[in-house]
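Structure first, commentary second.
Each chain gets a letter, A, B and so on, in the order its sequence line appears, and its residues count up from 1.
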Amino acid sequence: MIEIIIIMCTGILTGIFLRGRSSILFAAEKLTGISIYLLLFLLGLSVGTNDTIINNFPVIGFNALVLTFSAVAGSVILSWILYILLFRKTGGA
Amino acid sequence: MKGSVIIILFFAAGLTAGIKGFSPEILQEIDATVYALYLLMFLVGISVGADKNIWPMLKNMNLKIVLVPLSVIAGTLAGTGICSLFLPEIETADALAIGSGFGYYSLSSIIISQVRNETLGVMALLSNISREIFTLAAAPVLVRYFGKLAPIASGGATSMDTTLPIISRYSGREYAILAIFSGVILTILVPFIITFIYKVL
């Protein structure tokens with residue numbers, strides 16, 4: 001999985017190099033959309049053929065929502081403290 | 001928002017095809033997902049590197065601004081970490097990784113399903129979509145009770161695009177810049193943080 005990071009960093013360097021080449025960047029953006037669609041289609045496909053996931057869907061959904069709630073609660077509480085300490089008087093950036 | 005709907009439709013189409021029994025073996029043999037993921041990561045990198053607005057933003061950052069995405073990261077990890085203690089079937093590393101999608105559901109679900117398994121990938125997808133939807137719905141309430149940074153924190157990586165209009169409306173336009181900054185930082189960090197969590201834990 002370290003490959004993911006290396007590939008992304010290679011992409012960032014390539015992107016810096018390609019700055020201003022708008023036709024290539026436009027094509028890259030189109031391709032990004034297509035690969036996201038393809039990957040989510042493939043994820044859907046492997047989920048659809050996986051009986052364990054289909055049968056456990058309510059449990060997976062429940063866990064997902066509990067995690068969402070805890071992630072939001074944690075970050076909102078910390079940002080609230082930050083807001084009171086540094087932002088309330090002076091405003092945004 | 002239109003993009004989100006299309007993405008969900010593709011997932012639903014795959015899901016339906018899978019349930020109906022359509023499962024071309026060639027896709028499993030060549031493991032198309034891995035290469036598509038590599039391509040996607042390369043392309044995401046390109047868009048970050050080529051974005052002229054990202055680097056000036058990074059140059060102008062100061063501690064006060066940086067603390068916003070940092071508090072989102074720390075708060076999300078603390079929240080999901082504590083939560084995992086009460087969910088016996090979820091390992092702590094998985095809870096942290098799913099939280100670290102910060103609402104960027106397409107990328108986080110794909111990486112997690114690749115690194116771990118599809119069950120967790122689906123959980124990441126559902127959890128991070130919910131984060132975006134919750135932020136869109138709850139922004140006014142969040143601002144009233146938890147201050148103007150709250151919808152930025154709740155929106156996570158989505159505060160730079162899908163949830164930006166609602167943040168700008170309820171927190172005020174001066175917070176929109178902050179929302180974009182926080183969203184950009186979190187979006188870039190999603191793959192790094194997820195990989196790091198699985199490397200360390």
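Proximity to chain B (any heavy atom under 4.5 Å) is restricted, for A:L65, to the side chain, taken from C-beta onward. Only the side chain of B:V48 comes within contact range of chain A, judged by heavy atoms closer than 4.5 Å. Contacts between B:K148 and chain A at a heavy-atom distance below 4.5 Å involve backbone atoms as well as side-chain atoms. If you measure heavy-atom distances from B:I111 to chain A, the contacts under 4.5 Å come from the side chain alone. Residue contact with chain A, scored on non-hydrogen atoms closer than 4.5 Å, involves the side chain of B:I90 exclusively. Within the 4.5 angstrom heavy-atom criterion, atoms from both the backbone and the side chain of A:A28 approach chain B. For A:I77, no part lies near chain B; criterion is any non-hydrogen pair under 4.5 Å. For chain B, the nearby part of A:L25 is the side chain; its heavy atoms alone come within less than 4.5 Å. Residue B:A78 does not touch chain A at all, counting heavy-atom pairs closer than 4.5 Å. B:L70 does not touch chain A: none of its heavy atoms, backbone or side chain, sits under 4.5 Å away. Contact annotation for A:F17: neither backbone nor side-chain heavy atoms come within less than 4.5 Å of a heavy atom of chain B. The parts of B:S130 that come within reach of chain A are both its backbone and its side chain, each placing non-hydrogen atoms under 4.5 angstrom from that chain. Neither the backbone nor the side chain of B:F86 comes within contact range of chain A; no heavy atoms are under 4.5 Å apart.
The minimum heavy-atom distance between B:S106 and A:L40, with the atom names listed, is CB-CD1, 3.9 Å. Closest non-hydrogen pair, A:R19 versus B:A50, comes out as CG-O, 3.3 Å. Pairing each heavy atom of B:A150 with each of A:S79, the nearest pair is CA-OG, 3.8 Å. Across all their heavy atoms, B:S109 and A:L43 have their closest contact at OG-CD2, 4.0 Å. The two residues A:V66 and B:L87 come nearest to each other via the heavy atoms CG1-CD1, 4.1 Å. Considering all non-hydrogen atoms of both residues, B:L126 and A:G61 come closest at CD1-CA, 3.9 Å.
For the options B:N128, B:I73, B:L67, heavy-atom pairs under 4.5 Å to chain A are most numerous at B:L67. Ranked by heavy-atom pairs under 4.5 Å with chain A, the first of B:F102, B:Y145, B:Y38 is B:Y38. Of the listed residues (A:L78, A:V72, A:L67, A:L39), the one with the most heavy-atom contacts under 4.5 Å to chain B is A:L39. Between chain B and the residues A:A64, A:S35, A:A73, the most heavy-atom pairs under 4.5 angstrom are made by A:A64. Listed options A:S70, A:G74, A:G20 were ranked by heavy-atom pairs under 4.5 angstrom with chain B; first place goes to A:S70. Chain A forms the most heavy-atom pairs under 4.5 Å with one residue out of B:K20, B:E89, B:R173, and that residue is B:E89. If you tally non-hydrogen atom pairs under 4.5 Å between each of B:K52, B:M123, B:R131 and chain A, the highest count goes to B:M123. Residue with the most contacts toward chain A among B:A138, B:S171, B:S71: B:S71 (heavy-atom pairs, distance under 4.5 Å). Your options are B:F181, B:F146, B:F196, and the one with the most heavy-atom pairs under 4.5 Å with chain A is B:F146.
In this structure, the side chains of B:L15 and A:L45 stay at 4.5 Å or more apart for every pair of heavy atoms. Counting heavy atoms from C-beta outward, A:I4 and B:Q114 have side chains that stay 4.5 Å or more apart. Looking only at side-chain heavy atoms (C-beta outward), A:T52 and B:T119 stay at 4.5 Å or farther from each other.
Expressed to the nearest 0.5 Å, how far CG of B:L43 lies from CD of A:E29 amounts to 10.0 Å. Here the CZ atom belonging to A:F69 is positioned 7.5 Å from the CZ atom belonging to B:F134, to the nearest 0.5 angstrom. Here CG of B:L40 is found 9.5 Å from CG of A:L31. Values are rounded to the nearest 0.5 Å. One finds the CD1 atom of B:I110 at 9.0 Å from the CG atom of A:L42 (value rounded to the nearest 0.5 Å). Rounding to the nearest 0.5 Å gives a distance of 7.5 Å between OG1 of A:T49 and CD of B:E118. Atom CG of A:N50 and atom CD1 of B:I19 lie 11.0 Å apart (nearest 0.5 Å).
A side-chain N or O of A:T68 and one of B:S127 form a donor-acceptor pair less than 3.5 Å apart.
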Practice item. Could you walk me through whether B:V122 and A:F57 pass the side chain to side chain contact (heavy atoms under 4.5 Å, CB included) test, one step at a time? Key: CA-CA 9 Å; B:V122 171; A:F57 205 76; 4.0 Å; yes

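Summarising the local packing, CZ of B:F192 is surrounded by more than 12 heavy atoms from other residues, nucleotides or ligands at distances under 6.0 Å.
In this structure, B:K64 is positioned above the aromatic face of A:F87, its NZ or CZ under 6.0 Å from the six-membered ring centre and within 45° of the axis.
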